[in-house]
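What follows is a single structure, written as structure tokens, with notes after it.
Order of appearance sets the numbers: ligands from 1, and atoms from 1 within every ligand.
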Amino acid sequence: MRSITVKAPATVANLGSGFDLMGLAIHQTADVVTVKERSDNLVILQEIIGDGGLLPRETAENTCTVAIVSLLKHLDSNKGFDVILKKHIAFNSGLGSSASSAVAGVFAVNALLGNPLSKKELIPFAVDGEYVASKGFHGDNVAPCMLGGITYIQSLNPLCIEQLAYPENTFIVVLYQYVKVSTAEARAILPKQYDKAVVIQQTARTAALLTGLNTSNDKLIQFGLGDEIATPYRKQLIPHFDTLETEAMKNGAVGFNISGSGPSVFAWCNGEENANQVKQAWQTFMQAEGQPFEIYCSPINYEGVFIC
Ligand code: HSE
């Protein structure tokens, strides 16, 4: 029986005004999934390593296996697979942990089946998987995890996803505090409707972000990394949000916001030196607070999921 192991990177989604639409992949942490052929047609999650026993083991409840089942159904395949999932990306961290497992699962199975679908075509099945964790169909983590770079989702059905240009010296600094924020809960606290003025402001920010990325204009990127739809409601879930933003901007970051639905936050930086400056400032502050944290500092990962 053949097997394959793949690695799917952590991601920073929303990117401020790109709520539910935009995301990027980073280098420093990734989930690793091994998929082995079975002689029957079952999909079995044999083992999860690194989750402290907290993630669901049932095929119908885990993002990785739900995504695989969705793909097999689409392909009308009667193949079965054993799955071993090594979690390196903390779940409920805002770093696309559930998306990463789902992407890794469908990418690995597709490879064992002889690549009937392209990476882009696999995205809807990974989104199906991620739904069980986030209770929303949005591919803003799934798309960059699969494709790498910065992605923009125009539509999932029909599938229309673009990879965006970005300034080549972009560095992303991510701070993860050991606080859990469930995406489903962080979505539930958002308003059901927004004022017209908020929608217009958000549109202005998204247009600025897209233009800024295309033209390497830091001022436009900074404005575009702001958000009126989610950040004002979610920042209360994130310890030290305001201080972390102040420290990032004081140390020359281009922009700052929540990563995914939090609690991780990210700073967008122009070059490695600037990124290290922000990293140092955040480390100094967090160490003074005496709270546990992790910092990832990375250029944008342009590759996405890959076979190990
Ligand atoms: N865009 C989602 C949200 C999280 O902010 O709720 C990442 O998919």
Side-chain angles (χ1 to χ4, degrees), residues 8-26 29-31 63-64 66-67 89-106 122-157 159 161 164 172 174 176 179-194 198 202 205-206 209 224-238 241 255-266 268 296 301 304-305:
T11 46
V12 172
N14 292 326
L15 305 185
S17 63
F19 180 73
D20 274 358
L21 304 177
M22 292 173 63
L24 59 82
I26 61 173
T29 184
D31 280 356
T63 64
C64 182
V66 170
I89 310 171
F91 56 95
N92 290 341
S93 64
L95 293 172
S97 175
S98 48
S100 168
S101 301
V103 164
V106 293
L122 289 172
I123 286 172
F125 309 105
V127 170
D128 284 348
E130 205 211 351
Y131 178 84
V132 294
S134 71
K135 302 292 179 261
F137 288 104
H138 44 84
D140 53 342
N141 287 112
V142 163
C145 181
M146 185 73 81
L147 302 173
I150 303 184
T151 54
Y152 155 70
I153 297 171
Q154 186 184 327
S155 141
L156 282 172
N157 189 14
L159 189 64
I161 294 172
L164 303 176
I172 305 296
V174 172
Y176 167 54
V179 177
K180 297 276 177 219
V181 172
S182 117
T183 299
E185 283 166 25
R187 293 181 80 78
I189 65 169
L190 301 183
K192 298 273 176 289
Q193 294 184 320
Y194 293 87
V198 170
Q202 187 83 353
R205 287 190 188 276
T206 314
L209 184 52
L225 289 175
D227 161 54
E228 319 292 323
I229 298 285
T231 309
Y233 306 95
R234 290 176 169 175
K235 59 188 254 185
Q236 72 224 12
L237 305 174
I238 301 169
F241 180 91
F256 168 90
N257 216 320
I258 301 170
S259 178
S261 56
S264 293
V265 292
F266 74 97
W268 184 291
Y296 304 112
N301 170 342
V305 65

Item to check | Winner among L15, T11, D140 once heavy atoms are compared against atom 1 (N) of ligand 1 | outcome: D140
Checklist entry - Would you call R187 and D20 a salt bridge, taking side-chain N to carboxylate O under 4.0 Å as the test? => result yes
Checklist entry - Can S264 and S259 be counted as having a side-chain donor-acceptor contact under 3.5 angstrom? => result no
Checklist entry - Would you call the rings of F241 and F256 parallel, tilted or perpendicular, where under 30° means parallel and over 60° means perpendicular? => result perpendicular
Item to check | V103/E130 under side chain to side chain contact (heavy atoms under 4.5 Å, CB included): CA gap, chis, key distance, verdict | outcome: CA-CA 9 Å; V103 164; E130 205 211 351; over 6 Å; no
Checklist entry - So, is T183 polar-close to ligand 1, with some N/O to N/O distance under 3.5 Å? => result no
Item to check | atom 4 (C) of ligand 1 - nearest protein heavy atom and its distance | outcome: H138 CE1, 3.9 Å
Next on the checklist: How far is atom 3 (C) of ligand 1 from the closest protein heavy atom, and which atom is that?
Outcome noted: R187 NH1, 3.2 Å
Next on the checklist: As an exercise, identify every atom of ligand 1 less than 4.0 angstrom from a heavy atom of D20.
Outcome noted: 1 (N), 2 (C), 3 (C)
Next on the checklist: Taking 4.0 angstrom as the limit and counting only heavy atoms of N141, give me the atoms of ligand 1 inside it, by number and element.
Outcome noted: 7 (C), 8 (O)
Next on the checklist: Measuring centre to centre across the rings, with the benzene-like ring taken for any Trp, is F266 within less than 6.0 Å of Y296?
Outcome noted: no
Checklist entry - Any idea which part of K135 is under 4.0 Å from ligand 1, heavy-atom wise: side chain, backbone, both or neither? => result neither
Checklist entry - Heavy atoms, side chains only, cut-off 4.5 Å: are I123 and L147 in contact? => result yes
